[in-house]
Protein chains: 2
Amino acid sequence: MEGHNTKLSKQRELVLQIVRSTKMHPTAEDVYYKAKKTMPRISMGTVYRNLRLLSKMGRIKEINFPDSPTRFDGDMRDHYHIRCSECGRIEDISHFSPRAAVDEIEKLTMYQIHTVHIKYEGICPECQKKSKIS
Amino acid sequence: MEGHNTKLSKQRELVLQIVRSTKMHPTAEDVYYKAKKTMPRISMGTVYRNLRLLSKMGRIKEINFPDSPTRFDGDMRDHYHIRCSECGRIEDISHFSPRAAVDEIEKLTMYQIHTVHIKYEGICPECQKKSKIS
DNA sequence: TTAATAATAGGAACTATTACTAATTTACTC
DNA sequence: GAGTAAATTAGTAATAGTTCCTATTATTAA
Ligand SMILES: [Mn+2]
Ligand SMILES: [Mn+2]
Ligand SMILES: [Zn+2]
Ligand SMILES: [Zn+2]
């Protein structure tokens, strides 16, 4: 009913609901401890598996900053994130385009921005050829 | 002579030279195996320690893409990176500003871009207050 | 040279995450 | 509701990447 070979377990529902119901961008560990309040016997493995699955299903998003565990976001609207390098909090930047200048973001968020990470991912010309052949 | 409390060891020099002398954006493991050819007794710990140190000293840069080990870049000129999601290679995008549009990059690199990561890091208003006090 | 201190090799420890497996749960079908 | 196959689970072991620890060695300044 959800996707292809996915049965809807209580655990999966709970994990989704937890990630959706917060703006804190929780880690897997955060989700685990919240889930335990409702389902004391839920396991870490289950939390990780469902987070990964929900992410592949496009129901939640993963947020990766260097040197810190992956965080999850139940807000699927198009937005970017800003992290405080002191306290580690992650906040939303609503609907910002790649063109946005750093000083505009500083004004909006009141952050003192010192680092901008921009990364592109795609298929290289060589791999494009390969997939045409196969 | 280098930084604050840094003595210039043979190992440190070698690690720096290896990272500087390639455009492959090597992992710590890559650097380790290259280093072993010159210094067969060098240890992983030494490689990691020096990569971290050189990075803090501003002599090399770290590149973090999700789900893959950290890579290092001896090219300190301002530039971004693009990764192929098929083969994992990382290439330079010479001197590109954040304003650059994706289709411009596609034309330049011949990649089929499907993901853009933009991340900002800075100090949040709360932490700015804290550091004023202390 | 010597003394002080930083760096090293080697290995243990750590952290986040994934993999394994027997038991359980879910979704179908009757 | 019972029967069945497949997916999911809890619990635990394993993994990868990286950092930490400690006794020994190298570097630097005097
Ligand atoms: Mn968000
Ligand atoms: Mn580069
Ligand atoms: Zn902060
Ligand atoms: Zn490729």
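Values in this document were obtained by computation on a predicted structure and should not be read as measured data. Residue numbers start from 1 in every chain, and the chains themselves are labelled A, B, ... in the order their sequence lines are given, proteins ahead of strands. When reading the values below, keep in mind they use all heavy atoms of this one structure, side chains included, and skip hydrogens, waters and symmetry mates.
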Peer 1: Taking only the side-chain nitrogens and oxygens of Arg52(B), find out if one of them lies under 4.0 Å from OP1 or OP2 of dT18(D).
Peer 2: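 No.
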Peer 1: Closest approach to the side chain of Pro69(B), judged atom by atom: which nucleotide of dT18(D), dG11(D), dA19(C) is it?
Peer 2: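 Among dT18(D), dG11(D), dA19(C), the one nearest the side chain of Pro69(B) is dT18(D).
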Peer 1: So, for Gly88(A) and Arg71(A), which heavy atoms are closest and what is the spacing to 0.1 Å?
Peer 2: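 Of all heavy-atom pairs spanning Gly88(A) and Arg71(A), the closest is O-NH1, 3.3 Å.
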Peer 1: Which whole-number value in Å describes the distance from Asn64(B) CG to dG17(D) C1'?
Peer 2: 12 Å
Peer 1: Arg12(B) CZ to dA9(C) P: how many Å, rounded?
Peer 2: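 Taking atom P of dA9(C) as the reference, CZ of Arg12(B) is at 12 Å.
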Peer 1: Round to a whole Å and report the spacing from OH of Tyr32(A) to P of dT17(C).
Peer 2: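 To the nearest whole Å, that distance equals 15 Å.
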Peer 1: If you find the nucleotide of DNA chain D closest to Gly45(A) and the one closest to Leu53(A), which residue's nucleotide is nearer the 5' end?
Peer 2: Leu53(A)
Peer 1: Please determine whether any donor N or O and acceptor N or O are separated by less than 3.5 Å between the side chain of Lys7(A) and the base of dT25(C).
Peer 2: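 Between dT25(C) and Lys7(A), which were checked side chain against base, a qualifying N/O pair under 3.5 Å is absent.
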Peer 1: Calculate the interatomic distance between Met57(B) atom CE and dA6(C) atom P; express it in whole Å.
Peer 2: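 That distance rounds to 15 Å.
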Peer 1: Given side-chain hydrogen bond (donor to acceptor under 3.5 Å, both in side chains), test Ser68(A) with Arg83(A) step by step and report yes or no.
Peer 2: CA-CA 11 Å; Ser68(A) 62; Arg83(A) 173 169 71 169; 2.9 Å; yes
Peer 1: What is the separation between atom CG on Asn50(A) and atom C1' on dT17(C), rounded to the nearest whole Å?
Peer 2: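 It works out to 15 Å between those atoms.
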Peer 1: Between atom OH in Tyr48(B) and atom C1' in dG11(C), what is the gap in whole Å?
Peer 2: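 The distance from OH of Tyr48(B) to C1' of dG11(C) comes to 15 Å, rounded to the nearest Å.
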Peer 1: Rounded to the nearest angstrom, tell me the gap between atom CZ in Arg71(B) and atom P in dG17(D).
Peer 2: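 Spelled out: CZ on Arg71(B) to P on dG17(D) is 12 Å.
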Peer 1: Would you say that more than 12 heavy atoms from the other residues, nucleotides or ligands in this model lie under 6.0 Å from the CE of Met39(A), or not?
Peer 2: yes
Peer 1: Below 30° counts as parallel, above 60° as perpendicular, anything between as tilted: where do the rings of His81(A) and His25(A) land?
Peer 2: perpendicular
Peer 1: So what does Thr70(B) touch, heavy atoms closer than 4.0 Å: a base, only the sugar-phosphate, or nothing?
Peer 2: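 Since only primed, P, OP1 and OP2 atoms lie under 4.0 Å of Thr70(B), the category is sugar-phosphate.
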Peer 1: Is there a side-chain contact between Gln11(B) and the phosphate of dA26(D), meaning an N or O under 4.0 Å from OP1 or OP2?
Peer 2: no
Peer 1: Using a 6.0 Å cut-off, check whether atom CE of Met76(B) has over 12 heavy atoms from anything other than its own residue.
Peer 2: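 Atom CE in Met76(B) is packed in, count exceeds 12.
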Peer 1: So, is Thr46(A) close to the dA10(D) phosphate, meaning a side-chain N or O under 4.0 Å from OP1 or OP2?
Peer 2: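 Indeed, a polar side-chain atom of Thr46(A) lies that close.
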Peer 1: With the side chain of Leu8(B) defined as its heavy atoms from C-beta on, choose the nearest nucleotide among dT8(D), dT28(D), dT19(D).
Peer 2: dT28(D)
Peer 1: Rounded to whole angstroms, how far apart are OH on Tyr33(B) and C1' on dG17(D)?
Peer 2: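 Distance check: Tyr33(B) OH to dG17(D) C1' gives 13 Å.
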Peer 1: Which of the following nucleotides, dT17(C), dT28(D), dA9(C), is nearest to the side chain of Ser43(B)?
Peer 2: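 Output: dA9(C).
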Peer 1: Among the nucleotides dT8(D), dT18(D), dG11(D), which one has an atom lying closest to any side-chain atom of Arg41(A)?
Peer 2: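 From the listed options, dG11(D) comes nearest.
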Peer 1: If you check the Lys10(B) side chain, which of dT27(D), dT8(D), dA10(D) turns out closest?
Peer 2: dT27(D)
